[in-house]
Amino acid sequence: MAIVIGTLVGVTVGVLPGLGSVIGITMVLPFTFAMGQMPAIALMLGVYCGSVYGGSISAIVINTPGTPQAAATALDGFPMAQRGEADLAIGWATAASVLGGLFSVIVLILAAPQLAAFSLNFTAIENFALGCFALICIASVSQGNMAKGLMSGVLGLFVASIGLDHVTGDMRFTFGSFQMAAGISLIPAVVGLFALSEVFIRASEARLPKPEITHKVGFRLPALREWKPRLWLLLKSCTIGSFVGTLPGTGAATAAFISYSEARRTSPNRENMGKGEPDGIVASESANNAVTGSVMVPTLALGIPGDPVTAVMLGTLIVHGVTPGPRLFSENIDIVYAIFVILIAVNLVMFVVGALGAQAFTRALRIPEPLLMTMVMVVALLGAYGVRGNALDLIIAFGAGIVGFALRKGGFPLAPLVIGMVLSQMIENSLRQGLLLTRGDFFAFFERPIALALFVITFLILVWPLLRALWVRRRYWKPS
């Protein structure tokens, strides 16, 4: 019962824009204190996994990622909904989410001790190198207008730097406002950029004629023959998500964008990505849900929370007498096995909830557009305010909505801006912590084997298009 209730609550929280996994976990936290050890853990894991998946539904239906992890899903999910294929898009997202979640559980079962030991090799220097590698996403999602995409990404990096400097404690770009010391929260910004800008765009185009689209309301799984050419993409995305999840402080949003970037680089259908290509949904959803199991690796094996959600769950485990760490696998192996079984059950229940509940969620497409957009704005603003209970977040959401409207009208992609915001703090903090470790010697970063490998891979991926163009020119150039 705890698994079912937790998954239902999680999917609902994920669908509502702006709430997210942390809010969902916090909401159910008081109830766990009166529950037994295993039901409490089951409830928390159900909310966590369900919320990560639920964000994809609102991303597909109304172009409003319910959680930051689903921002990449909106890039191809919403165009599919506009074509009248919302049911198929949700089918792709649900299947990819469940497969990604189950894959991560298998990784957790087979490799938890080994991955935990390997993740100990990741210091701030390796995290900085990983962040630089993830920035390739900006170039990948900006194809067709690279200059505007890069400008949008730089804007995201800058916006995320507003507020308190985490190293020196100085205030940056706050203009004397104490409220701005907390910075620009990601969730209100994402809500404004996607949800409110969509409302403003539709309001500005209200008088334009619109094509009649018959939306297929419900849930439709893609045919097996559609999966065959995407099996390698699915496996690769699950692997990326599982690996990123084992690294403390990265998170599902980072995994989704790295996986989406890799799909955009290597997919046979990369020319269609961003226009309603299922490859984009499979890559992002399988990766961000693969994080849900692997993020438990540092939490259980090392006692290190991989993200804010597992930090809350770590406190719940301790309250219920479970002490995470290396000794957990030798002294309380029954609890570890129970968590494995719970995660498998949660992913199976999540599939049932998605299949049966999609009918209700996708009916939003039949609501008259003015009423739907009003509901979107109200729910989005409630979600933006509910994160911190700070009225400033409403202003941030409105401001982000106006900025998003202007960027979209100017032909600037929004995805690079969100990527910049997601990665900015991780990259900056890791860089500065790494410089403290090396006493200001940046070249010492290249003495770390893992960091060096990531830097080399990043460089090769960046120069590969140029090298390929030079090779083609040399091969077909004939002297006169």
Between atom OG1 of Thr94 and atom CD1 of Ile60, what is the distance when rounded to the nearest 0.5 Å?
7.5 Å

Restricting to non-hydrogen atoms, name the atom on Ile281 and the atom on Gly77 that form the minimum distance, rounded to 0.1 Å.
CD1-CA, 3.7 Å

Are any of the side-chain heavy atoms of Phe103 and Asn289 separated by less than 4.5 Å?
no

Hey, are the side chains of Ile335 and Met38 touching, using non-hydrogen atoms and a 4.5 Å cut-off?
yes

Quick check for you: to the nearest 0.5 Å, what is the distance between Met350 atom CE and Leu343 atom CG?
10.5 Å

So does Gly101 get a backbone contact from the side chain of Ser104, meaning a donor-acceptor N/O pair under 3.5 Å?
yes

Where does the angle between the aromatic ring planes of Phe443 and Phe446 fall among parallel (under 30°), tilted (30 to 60°) and perpendicular (over 60°)?
tilted

Can you find a heavy atom in the side chain of Glu447 that is under 4.5 Å from one in the side chain of Leu452?
no

Flag the pair Ile162 / Arg172 as yes when at least one side-chain heavy-atom distance between them is below 4.5 Å, and no otherwise.
no

So for atom CE, which belongs to Met151, do other residues, nucleotides or ligands contribute more than 12 heavy atoms lying within a distance under 6.0 Å?
no

From Leu436 atom CG to Leu431 atom CG, the distance as rounded to the nearest 0.5 Å:
9.5 Å

Is there a donor-acceptor pair under 3.5 Å between the side chain of Ser152 and the backbone N or O of Lys148?
no

Ignoring hydrogens and angles, tell me if any N or O in the side chain of Ser242 forms a donor-acceptor pair with the backbone of Thr239 under 3.5 Å.
no

Looking at Ser161 and Phe158, would you say the former's side chain and the latter's main chain have a donor-acceptor pair under 3.5 Å?
yes

When you compare the side chain of Leu407 with that of Leu417, does any pair of heavy atoms fall below 4.5 Å?
yes

Between Phe455 and Phe445, is the gap from one ring center to the other below 6.0 Å?
no

d(Asn288 CG, Tyr260 OH) to nearest 0.5 Å is 13.5 Å

Could you walk me through whether Val105 and Asn347 pass the side chain to side chain contact (heavy atoms under 4.5 Å, CB included) check?
CA-CA 10 Å; Val105 178; Asn347 280 281; 4.2 Å; yes

Phe405 vs Val199, test: side chain to side chain contact (heavy atoms under 4.5 Å, CB included). Steps then yes/no.
CA-CA 9 Å; Phe405 173 78; Val199 172; over 6 Å; no

Heavy-atom closest pair (Thr438 atom, Ala444 atom, distance to 0.1 Å) is CG2-CB, 3.7 Å

Does the side chain of Phe128 come within less than 4.5 Å of Ile427's, by heavy atoms?
yes

Just by modelled atom types, is the Ala256 backbone N or O under 3.5 Å from a matching donor or acceptor in the Ser284 side chain?
no

When rounded to the nearest 0.5 angstrom, what distance separates CD1 in Ile240 from OG in Ser259?
4.5 Å

Rounded distance (nearest 0.5 Å) linking atom CD1 of Ile339 with atom CD1 of Ile344
12.5 Å

What I'd like to find out is whether the side chain of Arg408 reaches to under 4.5 Å of the side chain of Phe200, using heavy atoms alone.
no

Kindly indicate whether the side chain of Glu428, heavy atoms from C-beta on, has any atom under 4.5 Å from the side chain of Leu157.
no

Of all heavy-atom pairs linking Cys132 and Thr458, the shortest is O-CG2, 4.0 Å

For Leu233 against Ala263, the heavy-atom pair lying closest together:
CD1-CB, 3.5 Å

Verdict with supporting geometry, Val282 and Ser237, side chain to side chain contact (heavy atoms under 4.5 Å, CB included)
CA-CA 8 Å; Val282 171; Ser237 301; 5.5 Å; no

Heavy-atom neighbours of Tyr337 OH exceed 12 at 6.0 Å
no

Where is the tightest heavy-atom contact between Ser97 and Glu285, given as atom of each residue plus distance?
OG-OE1, 2.8 Å

For Tyr48, does its backbone N or O pair with a side-chain atom of Ser51 as donor and acceptor, under 3.5 Å?
yes

Using every non-hydrogen atom in the two residues, find where Ile125 and Gly434 come nearest and quote the distance to one decimal.
CG1-CA, 3.9 Å

